[in-house]
Amino acid sequence: QKEVEQDPGPLSVPEGAIVSLNCTYSNSAFQYFMWYRQYSRKGPELLMYTYSSGNKEDGRFTAQVDKSSKYISLFIRDSQPSDSATYLCAMIKSGGSNYKLTFGKGTLLTVNP
Amino acid sequence: DGGITQSPKYLFRKEGQNVTLSCEQNLNHDAMYWYRQDPGQGLRLIYYSQIVNDFQKGDIAEGYSVSREKKESFPLTVTSAQKNPTAFYLCASVNGEAFFGQGTRLTVV
């Protein structure tokens, strides 16, 4: 079993839809959680960073962490064609200064006008 | 502006050649990482460095080498021993959050 699982999609939604993207993980040592957006042929851009269970909201984006279920989500409200990209979840284990990142494989999202 | 700069954006390599990809950051982060991204494979860790003059192999280090002589710089050399080097290479620096450069696309010709 991989440490981080993410459905690769592809996911296609109409403009204005609510999008739900998810990752599960197997190791409870993961304590810091990030979501990245990556446009084609570009580097990943950090969207959200959380480290506690619960919700964190930033504009149209909400990151949700459920450590008891080892499950994280990213919700996009009022989705726009410009949101079409690959979304990657990433996690860091706690423990000293070891910042080793582990990524999901990414979900390809298309928002259709 | 603070950030991470990767160069060049595109790189072409002949069979049997070594090439070096540059990664520079001015974020004052201790930790830096190199990833390789292939279609359908996600990001795979090549090497990482937590501090100057120290680095560790990641999951796919064979055929690659790195150095970390300065905090700001973490160059990656793709050697002739790397059997399938054509890929998109991403550098990141980390201080809790991870920030990425814009990548180098390497093609073997």
Side-chain angles (χ1 to χ4, degrees), chain A residues 2-11 21-25 27 30-52 56 58 61 63 65 72 85-109, chain B residues 2-11 21 23-25 27 29-52 54-61 71 74 87-107:
Chain A
K2 290 189 180 295
E3 282 194 299
V4 179
E5 299 275 6
Q6 182 176 8
D7 186 340
L11 183 61
L21 303 164
N22 311 295
C23 287
T24 59
Y25 60 98
N27 193 329
F30 286 121
Q31 295 292 318
Y32 305 93
F33 306 94
M34 287 155 278
W35 284 97
Y36 289 86
R37 177 176 62 197
Q38 186 178 24
Y39 294 113
S40 181
R41 298 176 179 268
K42 300 288 187 183
E45 171 194 0
L46 181 64
L47 283 177
M48 302 288 282
Y49 171 70
T50 61
Y51 53 85
S52 56
K56 181 178 181 179
D58 184 1
F61 298 92
V65 174
I72 67 170
T86 296
Y87 289 80
L88 297 152
C89 65
M91 308 180 186
I92 296 177
K93 294 174 185 173
S94 61
S97 60
N98 186 345
Y99 289 131
K100 186 177 177 182
L101 276 167
T102 303
F103 282 86
K105 287 195 172 184
T107 300
L108 178 61
L109 171 68
Chain B
I4 302 173
T5 302
Q6 287 186 245
S7 62
K9 189 172 181 180
Y10 298 97
L11 187 58
L21 284 59
C23 179
E24 304 279 330
Q25 56 102 355
L27 298 167
H29 290 171
D30 285 318
M32 296 185 74
Y33 295 74
W34 274 106
Y35 291 90
R36 170 182 172 140
Q37 189 174 36
D38 297 280
Q41 300 254 19
L43 275 71
R44 293 185 290 168
L45 181 63
I46 304 171
Y47 267 98
Y48 64 106
S49 169
Q50 304 283 0
I51 199 167
V52 174
D54 187 49
F55 48 83
Q56 288 81 39
K57 293 182 179 180
D59 302 316
I60 55 164
K71 190 175 189 177
F74 191 40
F88 189 47
Y89 290 87
L90 286 161
C91 177
S93 74
V94 180
N95 185 17
E97 303 168 42
F99 297 93
F100 282 86
Q102 287 303 302
T104 293
R105 186 163 297 277
L106 173 63
T107 303

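Reminder, nothing fancy here: chain letters follow the sequence lines and each chain counts from 1. These numbers come from a predicted model, not from an experiment.
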Under 4.5 Å to a heavy atom of chain B? For A:Tyr36 that would be side chain

Does A:Tyr51 have more than 12 heavy atoms from other residues, nucleotides or ligands lying within 6.0 Å of its OH? no

Kindly indicate, with the supporting measurements, whether the criterion side-chain contact (heavy atoms from CB on, under 4.5 Å) is fulfilled by A:Leu101 and B:Leu43. CA-CA 10 Å; A:Leu101 276 167; B:Leu43 275 71; over 6 Å; no

Applying a strict 4.5 Å limit to non-hydrogen atoms, the region of A:Gln38 in contact with chain B is side chain

Requested in this report: Measure from the ring center of A:Phe103 to the ring center of B:Tyr33 and say whether it is less than 6.0 Å.
Outcome: no

Rounding to 0.5 Å, atoms CE (A:Met34) and CD (B:Glu97) come to a distance of 7.5 Å

Value for CD (A:Glu45) from CD (B:Gln102), rounded to nearest 0.5 Å, stands at 9.0 Å

The interface call for B:Gln56 against chain A, heavy-atom contacts under 4.5 Å, is neither

Output for pair (B:Phe100 CZ, A:Lys42 NZ), nearest 0.5 Å, gives 16.0 Å

Bottom line for A:Leu88: the part with an atom under 4.5 Å from chain B's heavy atoms is side chain

Turns out that what part of A:Pro44 lies under 4.5 Å from chain B's heavy atoms comes down to both

